[in-house]
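Just so it is clear, the structure is predicted and the values come from calculations on it, not from any experiment.
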Amino acid sequence: MSTAFDVIIIGAGPAGSTAAIRLASAGWSVAIVEKREFPRRKVCGECIAASNLPLLDALGIGEAFDALAGPDLQRVGLFVGARRIIAPLPPMADARHRWGRALGREHLDTLLLARARALGVDVWQPWSVKHHDADGDLHRCTLTRSGEDADVQLHAPVLIDAHGSWEPAPRGGMHAEATRKLPHHNNDLLAFKATWRHAHLEPGLLPVLAFPGGYGGMVLGDHGLVTLAFCIRRDAVQRARAAHPGASAAQAAFAQVRAHCPGIGEVVDVATLIGSWLAVGPLQPGIRTAAPGDGHFAIGNAAGEAHPILGEGMSMAIQSAWLLADQLIAHRAQATAPLGMRSDWSSLGLDYTRAWRANFAPRVRFATVCAHLAMRPQAAAPLLPLLQRWPRLLTQGARIAGKIRQAAVSTSAGPGTLVPNPASPPATAPTSAGIHQEH
Ligand SMILES: Cc1cc2nc3c(=O)[nH]c(=O)nc-3n(C[C@H](O)[C@H](O)[C@H](O)COP(=O)(O)OP(=O)(O)OC[C@H]3O[C@@H](n4cnc5c(N)ncnc54)[C@H](O)[C@@H]3O)c2cc1C
């Protein structure tokens, strides 16, 4: 069994598997470590913006996605109290992929990882990276698996954090401190999700819900299932639990959200809940560190996270993985060279960092503004008459949110081929230092 690779990727969400597929397609030896068995459900609104669909084609799962995903998402609705403001979503200028669609994470993540495996990626699942450190000039990851007596160690010159941001990062990881168990705060944002069969949601409509202390969204996805995912402050959940003694946190929070957004009842009242409610939190939206140096990089939520009100997290995951893979493929000879002959990691890292910031930092900031307005109905009240008068402001908001912006554009030439986004900074000498954290 080989334990030496060109690259080790921690986590097989959309970010990790995208990087694995692209690097394996370019001839890299890749190990990916995923702690959970797939298929697994995950807290997520499941909307995949149209900007990702050409990339899914290039990754080799486009056909399977087309066959499974829900209907085209052509309209957005803002549901605030009894008020509904509906507007068209902006289409992409791609005849095949004009609109986003929704697909359960139990399907999307499984498809991507299966594709990586088919390309020869060494998949360690269900194994967990416990910690990582340096061993000479290589990264060393120590893996553990419940029920196994011995740990396993993997080595590679390149290490990619794709472990998301909702659970503690492996020890030695750059976000280990930021993601360790933190004391609870009233303004912590907790996220919940549930799925229903036979719900009544108009196909193609993407309702965004705004209520005191939180926001959420509903979507019709694969197999005719409707998903509701929402974020809500911890103190709002505590009030909800006090008002609904005996209810679980999710049930109490849901009752609270329903009371503020009567439109939800019309969608799910006669529907059947599938499985149980899922919960994660607290979320930590903000910009983290994309490349701390020495062949160590972060993609997806591990690099930065937008408030999920925009539903752009998977775009940022897939497209940041794509940007990093571009850089690594372009510098492969140096990246995988023998000891002492490595590339200038700092310039590679800063090029990736700059590309990351140019493409995603505006989304993170715009999402923060939208989320805070949505959670504070009084502050947002003056905006509602404007939105009602000119609903296309919502269309414009979706544009600013990045719904049809591609950080990387695949061509029809197949996996691993792409045309860089002209908005991405060219791969030139570094000009700026690392990234800070924003909460
Ligand atoms: C309420 C809510 C709604 C959302 N709705 C949308 C939406 O509609 N559209 C959208 O695009 N985005 C949405 N998002 C955001 C989206 O879910 C995330 O941005 C996305 O999942 C990030 O992908 P990732 O690959 O970076 O991380 P993840 O998807 O979190 O994947 C990380 C993987 O790493 C694994 N892992 C973690 N630690 C280890 C370890 N130590 N060893 C091995 N494996 C490990 C985990 O098991 C996991 O499988 C939503 C988020 C929330 C909270």
Side-chain angles (χ1 to χ4, degrees), residues 43-47 75-87 185-196 199-202 205-220 226-271 273 276-283 285 306-311 367-388 391 393-394 397-398 401:
V43 174
C44 182
E46 306 182 339
C47 300
R75 276 158 307 126
V76 61
L78 179 61
F79 287 22
V80 189
R83 216 192 283 237
R84 291 168 192 218
I85 304 168
I86 313 274
H185 296 291
N186 283 341
N187 62 357
D188 285 345
L189 210 49
L190 310 179
F192 299 92
K193 163 188 159 157
T195 304
W196 287 266
H200 289 166
L201 181 59
E202 207 182 303
L205 177 64
L206 180 55
V208 175
L209 316 166
F211 50 88
Y215 56 81
M218 289 188 286
V219 74
L220 177 57
V226 166
T227 288
L228 164 67
F230 64 88
C231 296
I232 182 166
R233 283 171 54 121
R234 188 185 295 277
D235 52 2
V237 176
Q238 281 160 351
R239 283 195 295 276
R241 292 197 85 168
H244 299 87
S248 69
Q251 287 164 340
F254 177 53
Q256 185 89 343
V257 176
R258 269 190 67 153
H260 286 293
C261 301
I264 296 179
E266 291 163 29
V267 174
V268 303
D269 266 351
V270 294
L273 184 67
S276 51
W277 280 87
L278 302 181
V280 291
L283 306 190
H307 272 273
I309 190 164
L310 301 183
T368 302
V369 172
C370 295
H372 285 281
L373 283 172
M375 289 192 278
R376 294 176 177 80
Q378 281 186 336
L383 285 177
L384 291 178
L386 289 179
L387 291 170
Q388 205 128 33
L393 288 172
L394 289 177

Name all pairs fulfilling the salt bridge (Lys or Arg N to Asp or Glu O under 4.0 Å) condition that reach into residues 236-257, sequence neighbours left out, sorted by first residue then second. none
Test of understanding: with side chain to side chain donor-acceptor pair (under 3.5 Å), list the residues that count as partners of N187, not counting sequence neighbours. none
Suppose we screen for ring-ring contact (aromatic ring centres under 6.0 Å, His included). Which residues come up paired with F254, at least two apart in sequence or across chains? W196, W277
Once side-chain contact (heavy atoms from CB on, under 4.5 Å) is applied, do any residues pair with P377, and if so which ones, sequence neighbours excluded? P212
Which residues satisfy the side chain to side chain donor-acceptor pair (under 3.5 Å) test with Q256, sequence neighbours excluded? none
Residues passing the side-chain contact (heavy atoms from CB on, under 4.5 Å) test with P391, sequence neighbours excluded, are I85, A87
Any salt bridge (Lys or Arg N to Asp or Glu O under 4.0 Å) involving residues 248-268? Give me the pairs, sequence neighbours left out, ordered by first then second residue. R84-E266, R258-D269
Nearest heavy-atom contact between A306 and A367 is CB-CB, 3.9 Å
Q238 meets the side chain to side chain donor-acceptor pair (under 3.5 Å) criterion, sequence neighbours left out, with none
Tell me which pairs pass salt bridge (Lys or Arg N to Asp or Glu O under 4.0 Å) where either residue lies in residues 372-384, with sequence neighbours left out. none
Who are the side-chain contact (heavy atoms from CB on, under 4.5 Å) partners of V219, not counting sequence neighbours? C47, L73, A102, L206, T227
Is any side-chain heavy atom of T195 less than 4.5 Å from a side-chain heavy atom of V226? no
Minimum heavy-atom separation for G81 and P262, please, with both atom names. O-CD, 3.3 Å
Under the rule for ring-ring contact (aromatic ring centres under 6.0 Å, His included), what residues qualify as partners of H244, not counting sequence neighbours? none
In Å and rounded to the nearest 0.5 Å, what is the CD1 to CZ distance from I86 to R75? 7.0 Å
Applying side chain to side chain donor-acceptor pair (under 3.5 Å) to S248 and not counting sequence neighbours gives Q251
